[in-house]
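The shown structure was predicted, so the numbers you read here are calculated from the model rather than taken from an experiment. Computed from heavy atoms alone, side chains included, the values below leave out hydrogens, waters and symmetry copies.
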Amino acid sequence: MALPGSVSTCLSPPVHYMICKLGFEKKDIYDINNIVSENGEVCWQAVTEHLHYLESDQSVDYIKSVQSLGPVCESVNLHFKSLTKDQFVVQYAVWFHWTNYTELFLEVFDVLQYARATEVALSLMKLTSCLERALGDVYLLIGKDCPFLLRDLLASEQLAVVFGQDVMDVLRVFIGSPYGLNLRNVLWHGFASPQEIPAKYCAMLLFLTAGLGQLLQTYLLKTKYILVHRPYVTFISLEELVAFPGKYLTFNYLNHETLCVAEELVQVSNFVFKSMVPFWMAALTAFKQSRYADCVILLLPQLEAGLRLLFTTTNKCPNRLLTAEVNFCLVDYDLMLKNHLDNEEINQLPSVLEEPAMASEFLWDFLNHQEGPRIRDHLSHGEINLKTFPRELANQIVAFAITLLCRFSSVDEDTVAFKEHVIIKPLMTCASCYRSQFHPISRLKKQVLECMKSIHLWPELPTVSEAHVQAVKGLEGNTETSSLILKMAEILSQVQQYLPQDCCSPDDPINSVVTERLLVKLCDKHVCTLYSPRPVLEVLVVLRKICTQCHQVSEQVIASIELRYKQWMKKTLRSRQRHNYLRMLNSIKFLSPVLRLILLLITLEVINVHLVCKKTPSDYQQYLKFLKSILQYAENLVTYTSPEKNKWDETEELTNKALIKIRNFSDRKLTLIQSAT
């Protein structure tokens with residue numbers, strides 16, 4: 001694929017002017033002693049007096065404010081450069097405690113002493129995310145439901161009450177408003193190169209953060225409130241986040257040799273803007289130094305920038321490559337991963353990626369799906385402890401980035417050699433085989449198998465002999481149970497043709513056919529997860545709820561059987577409890593096969609779930625109503641089998657009604673699996 005020639009900047013002319021030039025036009029020199037006292041106390045009036053407002057509606061005039069604040073920022077930057085580390089700590093360290101990450105701000109001071117462009121940009125990204133998180137904690141002192149977007153947080157009345165409206169207006173000049181410098185967004189979305197971020201703005205935000213700490217202390221002393229910091233997001237089940245399996249990507253796989261190859265790819269890949277090369281190299285260096293959070297923070301915006309280049313080229317909208325203006329939609333991950341463009345035309349990006357899974361499914365999993373790690377959201381909003389960022393996650397992002405670098409390198413002998421390299425080839429193969437782990441379809445499959453594992457434990461549980469059950473009046477002969485098993489067999493016979501041929505057994509149809517092995521085989525079938533329409537997602541919500549309830553029933557049965565058996569053996573059960581225990585043992589004879597059957601039906605429906613879009617509105621509503629009736633049955637089972645209710649007598653009739661509904665619906669061939677034929 002031919003990509004456009006070198007692009008000198010991804011900032012549109014107005015944004016480039018705002019960030020790179022406007023704050024340098026005034027050459028005024030301000031005495032730092034009028035801005036900050038000897039002990040580090042910020043004189044806010046000396047800052048806010050540089051704010052300008054529009055006469056029309058008294059909103060902030062961002063152009064004049066940036067222009068006027070430029071020399072102030074320069075004075076602050078020079079002030080910090082004049083301080084030793086010890087002097088800075090003495091004067092300012094205490095005022096960063098409210099952020100819950102004082103060390104980060106001390107590191108930013110160190111970076112400003114040398115003002116290396118890439119390090120300044122990285123520091124600014126980390127500073128703004130940490131500041132946003134801290135401001136959210138302050139918001140929750142007097143507000144509820146902290147706004148998700150920084151611009152809404154900074155515009156909130158709650159923060160204006162704590163810090164003052166003019167102080168919040170100053171902050172919005174630097175971050176949070178698309179009309180201002182908007183430093184956070186242009187960096188986190190991969191628009192700004194290292195050289196385009198003036199160090200003095202990083203210094204000013206460091207200074208303002210200390211000033212906010214001083215104002216907050218005054219407010220807390222006055223109100224007697226206590227600032228509580230929300231806990232960080234933690235990643236559990238890290239094995240689920242392994243997109244590149246261990247046989248291809250162990251901890252030692254991304255070694256020095258691999259990273260050297262990656263550095264070569266950065267220099268030749270069309271996926272990388274030349275002006276952004278320093279970010280890529282810094283990311284790989286950070287990985288080598290085990291600074292995994294820094295590595296991912298640097299890479300995510302560059303992946304977005306590279307994909308934006310592909311997106312705008314393939315969809316023939318090169319004008320959208322640059323920073324979005326206020327009146328235009330920002331081309332970010334959310335837009336690039338959609339199926340349709342704003343004009344309803346098909347998004348061509350996935351087809352250019354050849355294997356959509358290579359980027360789209362991976363990016364949806366790691367960035368967008370609600371049950372996925374949502375790395376970019378959590379990092380950019382300061383929700384992750386940067387000091388403990390897991391290497392497992394960094395491994396995946398780095399490996400994925402390498403595959404994109406290689407995929408979009410120039411077509412020549414060197415590129416072919418890269419793709420066939422003993423280190424790169426396994427990564428390319430693995431990326432092309434990637435399947436979503438966090439789409440609702442994938443999560444439902446996982447739920448089904450976990451529920452089946454739970455039910456599979458039932459036969460292994462200790463119970464009293466069958467003779468005790470048969471001795472209970474009304475349970476001898478088990479005619480009702482036999483009737484239920486017969487109904488299940490009838491339903492199974494209707495779907496038998498859709499099952500693998502080796503899954504037939506006339507003797508014990510339910511327990512022998514609906515096995516864990518069968519469900520694993522069915523769940524292995526690939527189901528498209530990209531661009532799921534609303535009806536599909538609605539159906540998945542109900543199916544997942546059914547599965548959740550079934551699993552809850554199984555867990556309650558296991559707990560009850562284990563407890564009652566112990567009590568039976570110790571002879572601590574009263575007469576009524578013994579009777580209920582034996583009825584429970586009778587009930588699980590049909591509950592096990594009925595839950596297995598429901599799991600099988602769920603699995604068959606999910607592998608055909610996209611057929612729901614072919615149903616008429618009337619048929620769709622009827623189908624949804626049927627699923628909700630099964631959900632109601634599962635919810636009732638949870639209630640009846642709970643230790644509090646213990647209504648084992650009523651589970652039989654409840655199950656009978658549910659099976660009749662399933663059989664009737666199946667007889668009319670209204671299920672999705674039947675629609676497939």
Side-chain angles (χ1 to χ4, degrees), residues 93 95-109 111 119-141 143-156 158-159 162-163 168 171-172 174-177 181-190 192 197 201-202 204-213 216 227-235 286 291-301 304 332-333 366-368 370 372-390 393-394 397:
W95 305 119
F96 297 120
H97 290 346
W98 72 282
T99 67
N100 201 31
Y101 199 173
T102 302
E103 311 97 287
L104 170 62
F105 294 88
L106 300 184
E107 290 171 10
V108 173
F109 172 80
V111 167
E119 294 179 11
V120 169
L122 173 61
S123 294
L124 194 49
M125 293 171 72
K126 293 162 69 175
L127 185 157
T128 54
S129 65
C130 181
L131 177 58
E132 177 180 354
R133 183 68 170 177
L135 288 171
D137 292 338
V138 173
Y139 176 96
L140 293 173
L141 285 172
K144 297 180 180 179
D145 301 323
C146 180
F148 177 73
L149 297 177
L150 177 60
R151 67 168 180 262
D152 295 333
L153 178 62
L154 296 181
S156 66
Q158 287 81 355
L159 290 188
V162 176
F163 297 112
M168 299 316 298
L171 272 184
R172 290 166 65 205
F174 293 92
I175 55 176
S177 171
L181 290 166
N182 206 15
L183 296 169
R184 175 194 178 277
N185 280 2
V186 297
L187 278 168
W188 274 101
H189 288 291
I197 300 297
Y201 292 145
C202 182
M204 189 64 177
L205 279 169
L206 181 65
F207 180 72
L208 295 178
T209 303
L212 291 171
L216 177 62
L227 181 65
V228 177
H229 296 291
R230 291 164 290 172
Y232 287 118
V233 170
T234 55
F235 298 107
R291 294 185 291 115
Y292 301 119
D294 287 357
C295 171
V296 175
I297 290 171
L298 287 163
L299 273 185
L300 286 177
E304 181 173 339
D332 60 2
Y333 280 124
F366 278 72
L367 303 182
N368 283 25
Q370 289 301 304
R374 291 175 50 226
I375 302 174
R376 207 272 299 272
D377 278 352
H378 291 317
L379 275 175
S380 65
H381 293 295
E383 298 168 4
I384 296 176
N385 186 342
L386 302 183
K387 293 172 284 189
T388 60
F389 189 87
L393 270 178
I397 300 299

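Taking both residues in full, the closest heavy atoms of Ala192 and Leu187 are given as CB-CD2, 4.2 Å, listed atom of the first, atom of the second, then distance. Scanning both residues, Arg133 and Gly382, for their nearest heavy atoms gives CG-O, 3.3 Å. Scanning both residues, Val111 and Val120, for their nearest heavy atoms gives CG1-N, 3.7 Å. Nearest approach of Gly176 to Asn182, heavy atoms of both residues: N-OD1, 4.1 Å. Of all heavy-atom pairs spanning Glu132 and Leu153, the tightest one is O-CD2, 3.7 Å. Ala394 approaches Val296 most closely through the heavy-atom pair CA-CG2, 3.8 Å.
If you take CZ on Phe207 and CG on Leu212, they are separated by 10.5 Å, rounding to the nearest 0.5 Å. Once rounded to the nearest 0.5 Å, the distance linking OG of Ser123 with CG of Leu104 reads 7.5 Å. Distance check: Leu367 CG to Leu379 CG gives 10.0 Å after rounding to the nearest 0.5 Å. Rounding to the nearest 0.5 angstrom, the gap separating the CG atom in Leu159 from the OH atom in Tyr139 is 8.0 Å. In this structure, the separation between CG on Leu154 and CZ on Phe163 is 10.5 Å, given to the nearest 0.5 Å. Here Thr128 contributes atom OG1 and Leu171 contributes atom CG; the two are 11.5 Å apart, rounded to the nearest 0.5 Å.
A 4.5 Å side-chain heavy-atom check between Phe389 and Ile375 finds at least one atom pair inside the cut-off. At least one side-chain heavy atom of Leu135 sits under 4.5 Å from a side-chain heavy atom of Trp98. In this structure, the side chains of Arg184 and Leu131 stay at 4.5 Å or more apart for every pair of heavy atoms. In this structure, Asp294 and Lys126 have side chains that are in contact, with non-hydrogen atoms separated by less than 4.5 Å. At a threshold of 4.5 Å between non-hydrogen side-chain atoms, the residues Val108 and Cys202 count as touching. Two residues are said to be in side-chain contact when any heavy atoms from C-beta on lie closer than 4.5 Å; Phe174 and Leu181 meet this criterion. Within the 4.5 Å cutoff, no side-chain heavy atoms of Lys144 are placed close to those of Gln158. Residues Trp95 and Thr209 fail the side-chain proximity criterion, which asks for heavy atoms closer than 4.5 Å.
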Residues Leu127, Leu206; criterion side-chain contact (heavy atoms from CB on, under 4.5 Å); working and verdict: CA-CA 8 Å; Leu127 185 157; Leu206 181 65; 4.2 Å; yes
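The side-chain tip of Lys387 points at the ring of Tyr101 from less than 6.0 angstrom away and within 45° of straight on.
Heavy atoms from other residues, nucleotides or ligands lying under 6.0 Å from CZ of Arg374 number more than 12.
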